[in-house]
Amino acid sequence: QVQLVESGGGLVQAGGSLRLSCAASGRTFSSYAMGWFRQAPGKEREYVAFINRSGGGTDYADSVKGRFTISRDNAKSTVYLQMSSLKPEDTAVYYCAATAFPTIQTLPGRYNLWGQGTQVTVSS
């Protein structure tokens with residue numbers, strides 16, 4: 001069973017950058033496609049990005065396209081989310097998640113493993 005631990009969150013000014021990491025334990029990381037989601041207070045969990053098992057295929061929510069980049073290093077069992085040109089509306093708890101489905105998945109219910117989340121706060 002894979003366990004996920006996010007890191008890299010923090011407070012940043014609008015226009016700044018952050019890189020989130022999600023480290024996975026276990027030996028089966030490369031058998032999972034991975035996603036990033038976020039949840040702001042009082043809002044539903046929102047899809048951010050997806051990366052397939054090899055890292056050769058990615059997808060992004062329209063709200064982050066061109067600003068965020070998802071990547072993975074299977075040798076290090078880690079998935080990353082590079083966030084640039086951050087906006088106050090990007091403020092949320094960010095979660096990484098693993099799915100056994102190989103194709104793009106945007107619904108939280110399609111992911112069966114979740115990290116504990118890391119807070120990202122963007123000040124104006």
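Given the structure is predicted, the values throughout are model-derived calculations rather than measurements.
Within the structure, no pair that satisfies the salt bridge (charged side-chain N to carboxylate O under 4.0 Å, His left out) test touches residues 106-124, not counting sequence neighbours. Listed by first and then second residue, the salt bridge (charged side-chain N to carboxylate O under 4.0 Å, His left out) pairs involving residues 48-62 are D62-K65 (not counting sequence neighbours). Counting only residues at least two apart or on different chains, the disulfide (SG to SG under 2.5 Å) pairs with a member in residues 15-65 are C22-C96. Legend: salt bridge (charged side-chain N to carboxylate O under 4.0 Å, His left out) pairs involving residues 82-96, not counting sequence neighbours, sorted by first then second residue: R38-D90, R67-D90. Among residue pairs with one or both ends in residues 48-82, none qualify as disulfide (SG to SG under 2.5 Å); sequence neighbours excluded.
Legend: residues meeting side-chain hydrogen bond (donor to acceptor under 3.5 Å, both in side chains) with T121, ordered by chain and number and at least two apart, are Q119. Under the side chain to side chain contact (heavy atoms under 4.5 Å, CB included) criterion, T99 pairs with A33, F50, F101, Q105, Y111, not counting sequence neighbours. Listed by chain and number, the residues in a side chain to side chain contact (heavy atoms under 4.5 Å, CB included) with Q3 are S25 (sequence neighbours excluded). Contacts of N112 classified as side chain to side chain contact (heavy atoms under 4.5 Å, CB included), with partners at least two apart in sequence or in another chain: Y32. By the side-chain hydrogen bond (donor to acceptor under 3.5 Å, both in side chains) test, N74 is found to be paired with R72, residues two or more places apart in sequence or in another chain being considered. For A40, the side chain to side chain contact (heavy atoms under 4.5 Å, CB included) partners are K43, A92, not counting sequence neighbours.
The closest side-chain heavy-atom distance from P108 to E46 is not below 4.5 Å. Within the 4.5 Å cutoff, the side chain of L81 has heavy atoms near those of the V48 side chain. Considering only heavy atoms from C-beta on, I70 comes within 4.5 Å of Y60 through its side chain. A heavy-atom distance below 4.5 Å is not found between the side chains of E44 and F37. In this structure, the side chains of Q82 and F68 stay at 4.5 Å or more apart for every pair of heavy atoms. Using a 4.5 Å cut-off on side-chain heavy atoms (C-beta onward), M83 and Y94 make contact. For the pair E6/W36, a side-chain contact is recorded, criterion being any heavy-atom separation below 4.5 Å from C-beta on.
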Side-chain donor-acceptor pairs of residues 8-21 under 3.5 Å, sequence neighbours excluded:
none

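Of the possible polar contacts, none joining the T58 side chain to the I51 backbone as a donor-acceptor pair under 3.5 Å is found. Side-chain N or O atoms of N52 include one that pairs as donor or acceptor with a backbone N or O of G57 at under 3.5 Å.
Within the model, atoms CG of D73 and OH of Y80 stand 5.0 Å from one another, a figure rounded to the nearest 0.5 Å. Here the CG-CZ distance, from L107 to R45, works out to 13.0 Å after rounding to the nearest 0.5 Å.
Hydrophobic clustering (ILVMFWY, side-chain heavy atoms < 4.5 Å, transitive): I104 and W114 are in one cluster. Both V64 and V122 belong to a single network of hydrophobic side chains, linked directly or stepwise wherever heavy atoms of I, L, V, M, F, W or Y lie under 4.5 Å apart.
Contact detail for Q116 and L4: the closest heavy-atom pair is OE1-O, 3.7 Å. The heavy-atom pair separating F29 from A24 by the smallest distance is CD1-CB, 3.4 Å.
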